[in-house]
Number of protein chains: 2
Amino acid sequence: MAIEMEKLVALCKRRGFIFQSSEIYGGISGFWDYGPLGVELKKNIKDAWWHDMVRNPPPGPDGKEIQMVGVDCAIIMNPKVWEASGHVGGFADPMVDCKKCKSRFRADQVAEATCPLKPSKRPGECGGELTEPRQFNLMFETYVGAVRDEENKTYLRPETAQGMFYNFRNVLDTTRVKVPFGLAQLGKGFRNEITPRNFIFRSREFEQMEMEYFIHEDADWDKCHKAWIEWCRQWLISVGLPESHLSLYAHPKEKLAFYSKGTVDIMFKYPFGVQELWGIAARGNYDLNQHATASGKPMDYFDEASKKKFVPHVIEPAVGVDRIFLAVLCAGYAEEEVKDEKGGVEKRTVLRLNPRIAPVKVAVLPLLKKREDIVRTAHAIRDELSRQWRVVYDDTAAIGRLYRRQDEVGTPYCVTVDVQTVGDTDKGESADGKVTIRDRDSMEQIRVPVGRLGAVFGELLGGARWADVAAGAASG
Amino acid sequence: MAIEMEKLVALCKRRGFIFQSSEIYGGISGFWDYGPLGVELKKNIKDAWWHDMVRNPPPGPDGKEIQMVGVDCAIIMNPKVWEASGHVGGFADPMVDCKKCKSRFRADQVAEATCPLKPSKRPGECGGELTEPRQFNLMFETYVGAVRDEENKTYLRPETAQGMFYNFRNVLDTTRVKVPFGLAQLGKGFRNEITPRNFIFRSREFEQMEMEYFIHEDADWDKCHKAWIEWCRQWLISVGLPESHLSLYAHPKEKLAFYSKGTVDIMFKYPFGVQELWGIAARGNYDLNQHATASGKPMDYFDEASKKKFVPHVIEPAVGVDRIFLAVLCAGYAEEEVKDEKGGVEKRTVLRLNPRIAPVKVAVLPLLKKREDIVRTAHAIRDELSRQWRVVYDDTAAIGRLYRRQDEVGTPYCVTVDVQTVGDTDKGESADGKVTIRDRDSMEQIRVPVGRLGAVFGELLGGARWADVAAGAASG
């Protein structure tokens with residue numbers, strides 16, 4: 001089912017996933033703040049990537065364990081980095097100005113833009129003459145130090161990759177990694193996009209997860225490239241993106257930079273179209289060579305096997321955290337008709353987020369908040385589970401409504417404490433010491449002894465399937 | 001023992017904790033890159049804070065559970081945020097210029113500065129006249145959008161706090177928190193310091209961990225302030241800072257801003273002096289009021305108990321990640337004389353990092369890398385432990401040297417696989433299936449069955465004391 005972006009954006013605002021940055025001041029175009037649930041979802045995506053990529057990396061293309069280390073470089077660097085990388089000279093869009101109203105437009109988008117003075121007309125049609133296209137650099141500029149002159153001008157990084165290239169020798173010299181190895185980084189980047197759009201898809205401040213996999217100059221780069229494409233694709237599936245929404249796009253040879261051996265993008269079917277999610281580029285040894293030339297510092301690697309020096313080639317999988325964030329929301333969002341507590345039909349909005357990245361793992365819900373023993377038991381469960389997982393406690397509505405609230409933000413499991421759990425001495429009913437676990441997706445419920453909750457959630461949040469755990473609970 | 005900063009800086013470079021940013025281009029003053037070990041240590045500090053502060057927060061000053069949520073706001077905001085906060089008008093140092101050499105100096109540091117033309121003389125003494133002091137704003141400026149004019153000028157945030165203040169209503173409206181509650185954020189900040197110094201202590205790009213604890217206007221702020229000071233102090237101790245290096249500094253009343261009720265800094269004894277580590281400020285409701293006035297959007301809270309509206313007051317504990325990073329390195333660094341493998345005396349450098357934040361938790365070391373069965377067992381142990389923890393494998397030196405390498409970077413435990421583990425059929429010695437675990441600090445060793453490693457490290461890395469675990473292993 002195609003979802004409407006408006007509904008998703010509204011949910012993000014209403015439930016505290018994403019706010020417009022500086023909202024009380026009218027916002028600022030292209031910048032977003034992550035709210036209480038958004039910050040958790042984003043952190044979980046980043047942590048999953050860091051774990052799977054750096055701390056416990058996959059086997060390499062040859063099936064052997066691979067070496068992987070991380071770095072965390074400054075956002076503001078010496079401007080020579082961006083001269084060497086080509087960003088100062090080439091990271092630009094062609095722009096035209098209207099001489100009448102002084103507005104600026106992307107030259108290749110004039111046909112879709114409107115004149116701010118006469119919104120019914122295209123730029124230039126208002127009578128203002130348009131200038132010839134000029135290059136507008138997308139890097140944000142700033143000045144470092146007490147004096148504001150050309151010498152002190154530098155940029156906010158437009159990508160994280162260059163910090164890994166210029167630190168290549170530092171990493172070789174301070175760790176025991178040998179080619180082939182990977183160098184990974186996670187952090188913010190900034191691009192002064194002329195037209196930020198599609199919510200957090202194209203923003204001016206974003207977060208990247210990039211990895212440079214350095215290989216021998218004679219290595220089978222194509223095999224390695226394909227292996228990383230497939231790893232990235234599988235990783236996206238593992239955090240909850242449906243395979244049916246993913247496709248591959250190979251950049252045509254004639255559009256590649258001269259040094260590029262090939263770039264494949266993993267595309268995701270967003271509500272606004274099929275768009276780039278994860279780019280996997282085979283960049284040869286262009287970047288290391290550029291920095292070697294510009295800095296005068298060699299970027300060679302000495303290969304002990306062949307006793308030969310060479311400048312390693314690189315495969316670069318680069319993905320935006322915000323784009324994954326948006327993709328899992330789009331893929332997980334659904335509106336369904338379901339049975340309510342009384343057997344009737346009601347609508348629910350549900351976010352089918354993978355439990356690994358869901359912002360809240362478990363909601364603990366006391367069925368009767370006036371029963372002191374129920375509340376005490378629910379508090380104890382919340383405290384115990386909180387030691388390991390992000391848990392919330394909610395007693396501010398009837399149970400059906402509490403479930404809907406959690407469904408809507410993707411909480412995979414709810415625990416309900418009821419009268420059966422604690423017993424009812426007035427009615428002569430003894431306590432069974434069990435609580436109900438409800439599964440978000442199937443809405444099935446099982447009853448589990450309180451003492452087994454830790455173990456059961458260890459399984460469920462460790463990747464076990466609900467059906468298997470439920471079957472175990474029923475038989476046990 | 002007072003350590004020398006030069007040694008620590010050298011270790012950080014040599015072992016890949018911290019590199020100068022853009023080093024191959026001569027660096028850039030006040031910016032640093034975290035290397036392969038640094039990025040892990042930094043992440044562990046941030047994750048520990050996020051867990052203890054946000055996901056599983058401490059009981060509040062009244063002993064009850066507290067409500068805590070996080071946000072992650074953009075670094076670039078609408079400039080009105082910084083007008084309202086007072087940073088545009090007031091976040092400045094007084095500077096003087098030399099009219100001869102055009103150099104700029106902090107007016108209050110002229111007595112310690114030297115003239116760049118004549119380094120033996122003070123500024124001005126070279127014959128150049130100094131200007132009257134002028135205010136120099138410490139915020140980095142940049143321009144957002146296609147046109148570079150005053151209207152599009154904004155700033156890199158100099159602190160994370162304001163994003164939490166202006167989102168106060170958004171958080172109230174999208175979560176179920178009620179006053180008192182905390183709002184936490186972790187992220188980068190930027191200050192164009194005139195004289196960055198003391199390694200990563202005072203840099204131009206840094207990472208902050210801040211929390212705003214909103215309380216009732218009539219609440220006992222002093223009690224709450226004291227409770228947070230003590231929580232922060234205990235947290236620092238919990239990640240490995242010795243209590244003896246911590247002290248409290250209460251800002252004198254006459255130096256406080258008019259709205260401030262009090263600020264106490266937790267000070268740490270760095271090698272370069274006792275310096276501010278964590279500031280805990282009682283800021284009244286100044287910030288919320290400023291944003292309410294500037295934006296025209298009320299920042300009131302309706303208290304259901306008293307049926308009264310008020311603007312909450314705030315207690316703000318704010319700490320720099322980089323400063324904690326430096327503190328744990330300074331506190332953990334030691335050079336010792338220890339017994340070597342042959343009973344002689346040798347020197348070792350050791351980083352006594354708390355296991356919770358140590359970049360590598362376990363090093364797996366095969367005693368003989370030519371014995372295929374030893375290597376296979378060691379690989380299997382590495383693979384198994386890597387599923388939960390950051391583990392390294394090293395076989396590139398003799399065991400004594402391998403231990404020293406791990407001691408120097410703070411790895412709390414080493415696992416050694418030797419001939420006893422796998423047996424020696426030539427000599428008729430059977431395998432005992434046990435490996436040696438060595439403790440970094442005491443250098444004691446215990447032997448543990450391979451199958452119990454997961455459980456033992458679960459204890460050791462979960463906070464158990466070595467002595468207790470060792471006693472258990474000996475008796476079991």
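Throughout, a chain's letter reflects where its sequence line sits, starting with A, and its residues are numbered from 1. Basis for what follows: all heavy atoms, side chains included, without hydrogens, waters or symmetry-related copies.
Geometric assessment of B/R204 against the ring of B/F31 yields a negative cation-pi assignment under the 6.0 Å and 45° thresholds.
Neither the backbone nor the side chain of B/V409 comes within contact range of chain A, judged by heavy atoms closer than 4.5 Å. Within the 4.5 angstrom heavy-atom criterion, no atom of A/D97 approaches chain B. Proximity to chain A is absent for every atom of B/M164, based on heavy atoms less than 4.5 angstrom apart. The part of B/F190 that comes within reach of chain A is its side chain, from C-beta onward, which places non-hydrogen atoms under 4.5 angstrom from that chain. Heavy atoms of B/F136 lying under 4.5 Å from chain A belong exclusively to its side chain.
A salt bridge between B/R405 and B/E408 is absent, with no side-chain N of the basic residue lying under 4.0 Å from a carboxylate O of the acidic one. Ion pairing between B/K13 and B/E23 holds under the 4.0 Å rule for side-chain N and carboxylate O.
Taking 4.5 Å as the limit, every side-chain heavy atom of B/T174 sits out of range of all side-chain heavy atoms of A/F17. Looking at heavy atoms from C-beta onward, B/Y25 lies in side-chain contact with A/V81 at the 4.5 angstrom threshold. Contact check for B/R148 versus B/K153: no side-chain heavy atoms found under the 4.5 Å cut-off.
In this view, A/E207 and A/K42, A/K46 satisfy the salt bridge (Lys or Arg N to Asp or Glu O under 4.0 Å) rule, not counting sequence neighbours. Legend: residues meeting side-chain hydrogen bond (donor to acceptor under 3.5 Å, both in side chains) with A/S22, ordered by chain and number and at least two apart, are absent.
Heavy-atom pairs under 4.5 Å with chain A were tallied for B/K188, B/Q162, B/M95; the largest tally goes to B/K188. Each of B/K297, B/H379, B/K80 has some count of heavy-atom pairs under 4.5 Å with chain A, and the biggest count is that of B/K80. In terms of heavy-atom pairs under 4.5 Å with chain B, the best-connected choice from A/V392, A/N192, A/L186, A/D93 is A/N192. Among A/R390, A/Q67, A/M77, A/H51, the residue making the largest number of heavy-atom pairs under 4.5 Å with chain B is A/R390. Contact tally against chain B (heavy-atom pairs below 4.5 Å) for A/K43, A/R169, A/Q185, A/R14: the top residue is A/K43. When each of B/G16, B/A294, B/C73 is checked for heavy-atom pairs under 4.5 Å with chain A, B/C73 comes out on top. Note on A/L183, A/I28, A/D72: by heavy-atom pairs under 4.5 Å with chain B, the leading option is A/D72. Residue with the most contacts toward chain A among B/I194, B/D47, B/T195, B/T154: B/D47 (heavy-atom pairs, distance under 4.5 Å). Counting heavy-atom pairs closer than 4.5 Å to chain A, the top-ranked of the candidates B/L156, B/T175, B/N167 is B/N167. Top candidate by heavy-atom pairs under 4.5 Å with chain B, chosen from A/V69, A/N78, A/L37, is A/N78. Considering only heavy-atom pairs separated by less than 4.5 Å from chain B, the leading option among A/E193, A/R106, A/R382, A/Q388 is A/R382. Contact tally against chain A (heavy-atom pairs below 4.5 Å) for B/R15, B/E205, B/R104: the top residue is B/E205.
The shortest heavy-atom contact between B/I24 and A/H291 is CD1-CB, 4.0 Å. Shortest non-hydrogen contact noted between A/E40 and A/P36 is CG-O, 3.5 Å.
Not a single donor-acceptor pair under 3.5 Å links the side chain of A/D383 to the backbone N or O of A/S386.
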